[in-house]
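What follows is a set of notes on a single structure, which appears directly below.
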2 protein chains.
Amino acid sequence: MAATIKDIAKKTGLGLATISSYLNGGNVREKNRIKIEEAIEELHFEVNEVARGLKTNKTKIIGIIIPELNNIFCAEIITEVEDQLRSQGYATMICDCRTDERREEEAVEFLLHRRVDGLIIMPSGRQGKYLNRFTKAGKPVVVIDRKLDGVDCDSVLVDNEGAARDAVGRLLKAGHRKIGMIAGPKDIYTAQERYRGYCLALKEAGIEPEARFAAWGDYTIEGGASAMKELVTRNSDMTAIFVSNYEMTMGAIIEINELGIRIPDELSFIGFDNVEFAKASIPKLSIVTQPTEEIARHVAALMLKRLEESGDTDGHQAVKLKTSFVEGKSV
Amino acid sequence: MAATIKDIAKKTGLGLATISSYLNGGNVREKNRIKIEEAIEELHFEVNEVARGLKTNKTKIIGIIIPELNNIFCAEIITEVEDQLRSQGYATMICDCRTDERREEEAVEFLLHRRVDGLIIMPSGRQGKYLNRFTKAGKPVVVIDRKLDGVDCDSVLVDNEGAARDAVGRLLKAGHRKIGMIAGPKDIYTAQERYRGYCLALKEAGIEPEARFAAWGDYTIEGGASAMKELVTRNSDMTAIFVSNYEMTMGAIIEINELGIRIPDELSFIGFDNVEFAKASIPKLSIVTQPTEEIARHVAALMLKRLEESGDTDGHQAVKLKTSFVEGKSV
DNA sequence: TTGAAAGCGCTAACAC
DNA sequence: GTGTTAGCGCTTTCAA
């Protein structure tokens, strides 16, 4: 099979240490360097990262656990994170857990066995105890988009409350008073925050949030559609709606389409994420967008930094990023 | 750090081979089994897959190379493939190459060093020589959605020509004669096939395809939008259009929206992939959809099969799957 | 069934 | 600078 450094040593007549030194950027006599390079070329030698990993106790692999790869928000972040990490020589091992906490724990186990050097996770639940197996092993954990109870790690968050507050504020400014919201699952951190922002904006305008105006979806297209239907059926007086994630935005639009409701004449609409979809809708949707690339860069940078430090657990960081608002014609 | 089988051996007073045998499902005396299990429990022992990989020369990792993770067609397939493989104990290492052939070669190199057991790839180019380093090492390669020149591997394809032919046939049946097509990059296999299907349908209806009715996009949203603009500007007599991938479908719709063209009154439209988007559009779009889940299952099954065979290169397979058509109100 | 021992390919002391 | 050597944690003969 593949050549090893032993073969190179034999071929060049040099010792193992010299080859290893060359491979790791050490100093090697010019003459030998050439010999080594020739031998590598000739034998098609390639470092065996597995053996290296065993020896150094570093795999140069980062585990990534996400609720759903097939979700544009996740995909955008992961794409960028993977890119950043790979450019630094780190491979990524992605586990899609289908928003299932049990699978998530299994994935942690799985990655632990694989001896990944660090873990990046966008958790489904709130509890993070099972992550402590990582932190205890001195391996860095970076959490995306959620706050986790009981784990010692860095996190990169988005100002969800502010985003929702701002969006609902815009509806209020446009004169709306009966504003509905399609919220996410009650047990998900971002969903809670966005709902809080919605309530906050209403209260600031002197309006008491009414339960009938809130529907709790599940961050899926189907959930968005049925929540939309529920709200419309229940509240004939509702004049505007704020939908709090991309999948549900799409679902809501599908349902609105289905019901023949006209935007913005009969209902004003503010959605979430995915500029392209917003532009493709008729009329163009006004939406809140999250800075996925920025999130990804922060995540990768944090991970890389922790990896370098190797052990110095100086206080963990929690970065919080701002969302943007893209104006359409749906309000 | 983590416990090793040596620790277990010491603790139980047994030999290494016994522990290893237990770990790999071998026969161990009941009494010893219990002792081992207790020790494992107590010491929090976990198999080190890296060491195992070095010894067995199998990493139980499958490399996946794709043009763009942030592309729903890819994401859907990868999600399912990853799921299937993980359920069989295989981890996946995903490399997103941003549709860049140079990056793709780098990724192959990268994964080769990592000693992945197999490779699943959706290539950007047509040439696959650089994949031979895998096949020569006796490692299975499965290609998705493209036909590659000069590589010995399995592939899972979609009947693109038939799909396009069918779609255009529907437009013809609806009475259209001046039908435009937004095709993909000329050097991509699927794009060529879809274009061929378009031409075929026209010819079958006695119409000679005209160059002015074809715009060559690049499978991106922006590309779809500008191709749309180009076609509309160039052909005032065009009454229908067929767009040949999801991103361009979205781009085309954005542009149509921008230009204020009404569907289907002024222009009939058939798009590609992503049922949800099609449903969310006004009017609902008629689209061709690819069986992503089925593709993924075939890919995973083929890979797993090859992995088991370990070396018997009995003739390689090329599975070809059918697309579906989802009727909307855009024709 | 179990134990001893060798070795997978590499790195890292250490001595020269 | 370079060679020698020991081992990372595991599997796998081979004997017992």
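All chains are named by letter (A, B, ...) in the order of the sequence lines, taking the proteins before the strands, and each is independently numbered beginning at 1.
- The side chain of L54(A) approaches dC8(D) more closely than any other nucleotide in the set dC8(D), dG3(C), dG1(D).
- Rounded to whole Å, atom C1' of dG9(D) lies 15 Å from atom CZ of R114(A).
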| Letter per nucleotide, 5' to 3', of nucleotides 10-16 of chain D [B base touched, S only sugar-phosphate touched, - untouched; heavy atoms, 4.0 Å] | BBB----
| query | Between Y219(A) and T99(A), does a side chain to side chain donor-acceptor pair (under 3.5 Å) hold up when you go through it step by step? | reply | CA-CA 10 Å; Y219(A) 273 177; T99(A) 330; over 6 Å; no
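- Atom CD1 in I8(B) sits roughly 17 Å away from atom C1' in dG3(C) (whole-Å rounding).
- If you check the side chains of D117(A) and T59(A), you find a donor sitting under 3.5 Å from an acceptor.
- In this structure a side-chain-to-backbone donor-acceptor pair under 3.5 Å is missing from S20(A) to A17(A).
- Taking atom CG of L112(B) as the reference point, atom P of dG9(C) lies 15 Å away to the nearest angstrom.
- Atom CG in L14(B) sits about 5 Å away from atom P in dG3(C), given to the nearest Å.
- The environment of NZ in K320(B) is crowded: more than 12 heavy-atom neighbours from other residues, nucleotides or ligands sit within 6.0 Å.
- The separation between K60(A) atom NZ and dG9(C) atom P is 22 Å, rounded to whole Å.
- dT2(D) atom P lies 9 Å from atom NZ of K35(A), rounded to whole Å.
- Note on the helix from dT1(C)-dA16(D) to dC16(C)-dG1(D): terminal axis deviation equals 30°, with five pairs used at each end and the result rounded to 10°.
- Rounded to a whole Å, the CG atom of N57(A) is 13 Å from the C1' atom of dC10(C).
- Looking at heavy-atom distances under 4.0 Å, V50(B) makes no contact with the nucleic acid at all.
- Counting only N and O atoms by type, the side chains of E104(B) and Y130(B) include a donor and acceptor under 3.5 Å apart.
- Judged by distance alone, the side chain of D145(B) and the main-chain N or O of M122(B) form no donor-acceptor pair under 3.5 Å.
- The side-chain tip of K147(B) does not point at the ring of Y189(B) from less than 6.0 angstrom away and within 45° of straight on.
- With N71(B) contributing its side chain and F73(B) its backbone, the two residues share a donor-acceptor pair below 3.5 Å.
- Side-chain contact annotation: Q84(B) with Q88(B), donor-acceptor N/O pair under 3.5 Å absent.
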